[in-house]
Structures are given as C-alpha cells and as structure tokens.
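Structure first, commentary second.
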Amino acid sequence: MQRNRNKKVDAFAALLKQCTNLTNLTQTHAQILRLSLHTNNSLASTLVTLYASLRSPRHAHRVFSSVPAPALSLFNRAIRAFSKTPSFPSNPIKLYSQMLRNRIRPDNFTYPFVLNSCAALSCPKHGSEVHGRILRTGFCGYLPVCNALIDMYGKCGLLGLAWKVFDEMPVRDVVSYNAILGAHAKAGVDMESARRVFDEMPERNVISWNAMLVGYVNGGELELARYLFDRMPERNVVSWTTMLVGYTKSGCLELGRVVFDTMPERNLVSWTAMITGYAQNGRPGEALRMFRRMEELGMKPDAVTMTSVISATAQLGGPEMANFIESYVDKEMIERNERVLTALVDMHAKCGNIEGACRLFREIPHPDVFSYSALIVGLASHGHGSKALEVFSRMRGEGVEPDCITFIGVLSACSHAGIVDEGLRYWEIMVKDYKIEPVKDHYACMVDMLGRSGRLDEAFEMVKSMPMGPRPEALGALLAACRTYGNVEIAENVALKLLELEPDNTGNYSLLADIYASRGRWDDAARVRVVMKEKRVNKLPGCSWVEVPPSRIRADTALQVT
DNA sequence: TTAGGGTTAG
C-alpha cells in the first residue's frame, strides 16, 4: 500500500516537472487532490515552488495550508517562495514563527530567505531576533547565512551592525563584500566609503560594478556613472537598466530611450523602467504605447509595471480607460498591493470617478501618506472640501505624518469649501507642527483661497511675503481673483510682474484686458490687446499625445496629434 | 546569500 503510494508520488513529481503554465499546473494539482496526495510534503513543496514561480501566491498559500504537518523542507520551500512577495499575508516571517511553534528547527536554508523578508519589510527588530537564534544554534558558520545578515542590516540602514557581522566572519567571499558595498553605495550619498570597499575587495564581479553604478546613479552623478559604465569589464541587463534609469530619472528621456533601444537584452524591469520614465516626465501617451508594445511581445506586466501604467492613465484621464485598466489589473491577477491601490485611487479621482476612488481607498489595509494624500487631493479637486478635511483628521488620528503634498490637498480643500480661517489654521499647523517649509504651490493655494473669498489685500500680502519671490502660480491665482472682484489696482500691479515672468502666456494678457474692460476702461483693454499682437502672442493650439477619436475632439481645440 | 523598475502635487 505504502509502496504503491510512493510510486504515485514519484509519478506526480515527474508530471509536475513538465508543468509550464498555470492551466496544466492546476490540472495536475486537481488530480493530486483527488488521490489525497496533497498532504505529501514533497509534492506540496514542488507545488508551492511552482505556483510561486507562476506568480500565484494565493494558490501556493492554499497548498501549504492544506498540509497538516509541514516538514522542514516544505517550510523552507514555502519561505523561499513567499520571500518574493513579502507583503503577502503568509509572509516568510509568519511562516518562520509557525515553524518555531511547531518545534521544527530552522536550518541554513531557512535563514537567508527569512532575513531577506526582514530586509524587504524593513523589520530589523525581527532580523536581530533571527540573528540571535543563528548565534545560539551555531549557524553563523554558513557563508550565505552571514551574507544575508550583512544584507539585512545594510538594507535596514544599520551599517554598524552590518560591519560587525562582516568583521567577525572568519571567511568572506565576493558576496559578503558585495553586500557591504551595496549597503554603502545604495543611497549614493557615501560613495567614498563604497569606493574604499570596492578598491579593497580581493575579487570583483559584475554585481560589484553594478552596485557602484547604482550608487552614482542614485547620487545623481550621471557623468561618473557613464564613465564607469563605459569601462566595466562586463555588462549585463542590470547594468544597462541602471544606466537607463539614470537618464530617465534626471529627465534625459531621449538618452534613456537610446540606451533602451541599444541594450542587447531587455527584461520586465527594463521595460518598466522605460514606461516609468515616460510616465514620470509628463509623456503618458508614450508610456502607454510602450506598454502596448511590451504586451505584444508577450511580456506580462507585474505590480510595479502596472503602478506606472495606472499613473500614466491617470494623467490622460477618461473614465472608460480608467475602468479598462482596473479590470485589466483584475484579469491579469496583478497583486493589489498598497502602491497599486494608491495609484488606482488617484487614477479614478483624476478620471472623474471619486466614488470609485473612495471604494478603492477602503481596500487599503494600512493607508500611508501617499494613499491618504491621493484621496485628500482627489476629494478636494472634486469640491468635497469638508470630506477631504475629515479624511485628513482621520489620517492624523492614525498617526500617519502628512507631507507637503497632503497640505496642498488640505489647503485647496479649504479653498474650495470657502473656509478661509480654517485654511489659515492649517497653514499654521503645517509650518509650526509639521515643520513643512511652504513652497510656491502652497502659496498659490493660500492666495487662491484668500482671493476667492474676496480678501484681496491679504492675498496680495501673502504674495509679497513669498521668500522665493512672487511666482506665476500665486500671481495667476491673485489676478483671477482680481477679475472676479473687479480690483484694477492690485490687478495692474500683479499683471506687470506676471508678464515679466511669463511674457509668452496669453492667458495673463487676456485676463488683464478683461479686467480693464469690466471696469469700462476700454482704452486700456485695447492697449493690452495691441501689446499682445506686437509680441506675436497668439493662442497656442491644444496639443495631445494620444490619438483621440474625432467625436471627442472639442470644436474649439485645434488638435495636433503626434 | 550580493546589483536594476513603483504610488500622492493650486
């Protein structure tokens, strides 16, 4: 009987090896379940690994939890599988605690992956507990275990502890050096120390060179990065992608595109980097075109890719497109992590569906400053000022620290709700409690708020108090308020400054001419129009990056399709 | 076991 069962297990193990997609894997899994072989540790281990490699952590979790007494090997395979999706509910740290409760002793294959998750979740507390156990059980003699410790402390920013592990190791390999090098280079702020490690290490591989490259890129030292890139003894897809990111992050999209087009091989990360480059530099149409090309090549996006695709869609607007993208996320089983959900909240808000934005926000288990800000800004721009302020107060109650963008939402909420004194109070809170230095956009919000409610003198004072000098955003808001309330005196003052800063912006000339006209000062209005003509300032045609169906082209917009 | 891609902006 037992022998027969073992035979079947072997047969299924062989069958599983041939499963290359989710369809035939689930079919084989179904047969395993029918014969009640799913409690077999070895089959369950293979299933968990395969589901994880096909990016189906939910299936993997179901397999794992249906085994009543998981053995060490199954724990190890599951921990390894889930270390790729550390934010998933059954994360390696939980599995590790479970194995200790089950009195199963972790070994040298367990620790590196658990430590990886501690690093990914930035949990040095758990990490040092694991460290303690490693020391007590004598596993510090294993190179991969110590290397993972260096990496974990380095990624959590505890460089002293990383060095302590490094220094106490009797034997080190290139991985140990790379881990400590990466810890210094990553942020790009201490490249001198990184350089010292790099120069002193006994042996270097492509990973060591890439770690230095990343450091220069993240520190904004693009020329040094390029110098290094050109002289590397060996380059792989990571080196090329890092260089590509260097260019796109500093706004050199065209150079980034050249790198992308010339790199010898591209993977999902390279495609995502290029898509993100376009999305973050105001070229959402180009981002979506790249995404389509990537799909046509059969490359499946992941959560990171989709975050940028969603952000690009948000910039283009349109409720149909927003709904399409959301159902795409569902259909392709993209992990709905915090960043994906935040991007979806923002997208729906920008595409006019604030209810959809609120619905998605409720799905976020622990909203952070990004998620709260996206919702607050969204509510404010839809005119739900008091609802935005409610969300802000809930955010503070939850202990989430607002940032400068949150306050842009809060101040514009006050502006739209017409509650000026509240707005002034929030300004105080921003500056005094949160020590946030107001930037030009905050001033623009305040000027807009004071101006809308007719407090033009205070708005003017606000403009004059700007430490960076009057900026077009704030001046424009004040000029608009001057038109609403017919205040020519301030308007002339403001317009003069504004035209000096933005001589090519037609809106400013028109606004001033309108103000003169509304007060019956026809000669002055005409004078502005003449100046406009002399400067050859003509209305700029509307411009779009995407093909728009003819029915949606507004009659008053000259469309320049690129 | 070591290197690359992500969300919020009057």
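No experiment lies behind these values; they were computed from the predicted model shown. Chain A is the first sequence line, chain B the second, and so forth, proteins listed ahead of strands; every chain is numbered from 1.
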For the pair A:D448 and A:R452, find out whether any cationic side-chain nitrogen is under 4.0 Å from an anionic carboxylate oxygen.
->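 Between A:R452 and A:D448 there is a salt bridge, with a charged N closer than 4.0 Å to a carboxylate O.
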Indicate yes or no: does A:R425 engage A:E422 in a salt bridge with an N to O separation below 4.0 Å.
->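 Yes, charged N to carboxylate O under 4.0 Å.
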Mind checking if [X] touches a base, just sugar-phosphate, or nothing, with heavy atoms under 4.0 Å?
{"X": "A:F113", "answer": "sugar-phosphate"}
{"X": "A:L268", "answer": "base"}
{"X": "A:V340", "answer": "base"}
{"X": "A:A303", "answer": "base"}
{"X": "A:V237", "answer": "base"}

On the nucleotide [N], are OP1 or OP2 found under 4.0 Å from the side-chain N or O atoms that [X] carries?
{"X": "A:K350", "N": "B:dT7", "answer": "no"}
{"X": "A:K249", "N": "B:dG6", "answer": "yes"}
{"X": "A:N116", "N": "B:dT2", "answer": "yes"}
{"X": "A:K440", "N": "B:dA9", "answer": "no"}
{"X": "A:Q280", "N": "B:dT7", "answer": "yes"}
{"X": "A:S373", "N": "B:dT7", "answer": "no"}
{"X": "A:K186", "N": "B:dG4", "answer": "yes"}

Quick one: which of B:dT2, B:dG6, B:dT8 gets closest to the side chain of A:S308?
->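 Ranking B:dT2, B:dG6, B:dT8 by closest atom to the A:S308 side chain puts B:dG6 first.
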Choosing from B:dT1, B:dT7, B:dG10, which nucleotide comes nearest the side chain of A:T307?
->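 For the A:T307 side chain, the nearest candidate turns out to be B:dT7.
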Aromatic ring proximity A:F291/A:Y278, centre distance under 6.0 Å =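 Distance test on ring centres: not under 6.0 Å, no.
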On the side chain of [X], is there an atom forming a donor-acceptor pair with the base of [N] - under 3.5 Å, no angle test?
{"X": "A:T305", "N": "B:dG5", "value": "yes"}
{"X": "A:T272", "N": "B:dG5", "value": "yes"}
{"X": "A:T241", "N": "B:dG4", "value": "yes"}

Identify the heavy atoms of A:L213 and A:A225 that sit nearest to each other, and give their distance.
->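 Here A:L213 and A:A225 meet closest at CD1-O, 3.3 Å.
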Report the distance from atom CD of A:E363 to atom P of B:dT7, rounded to the nearest whole Å.
->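 My rounded result for the distance is 20 Å.
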Student check: side-chain heavy atoms of A:F109 and A:S73 closer than 4.5 Å |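 With C-beta onward as the side chain, the pair stays apart.
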Please indicate yes or no: is the ring centre of A:F370 less than 5.5 Å from the centre of the six-membered base ring of B:dT8, with the two planes inclined by under 30 degrees?
->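 A stacking contact does not exist, since A:F370 is not both close and nearly parallel to the base ring of B:dT8.
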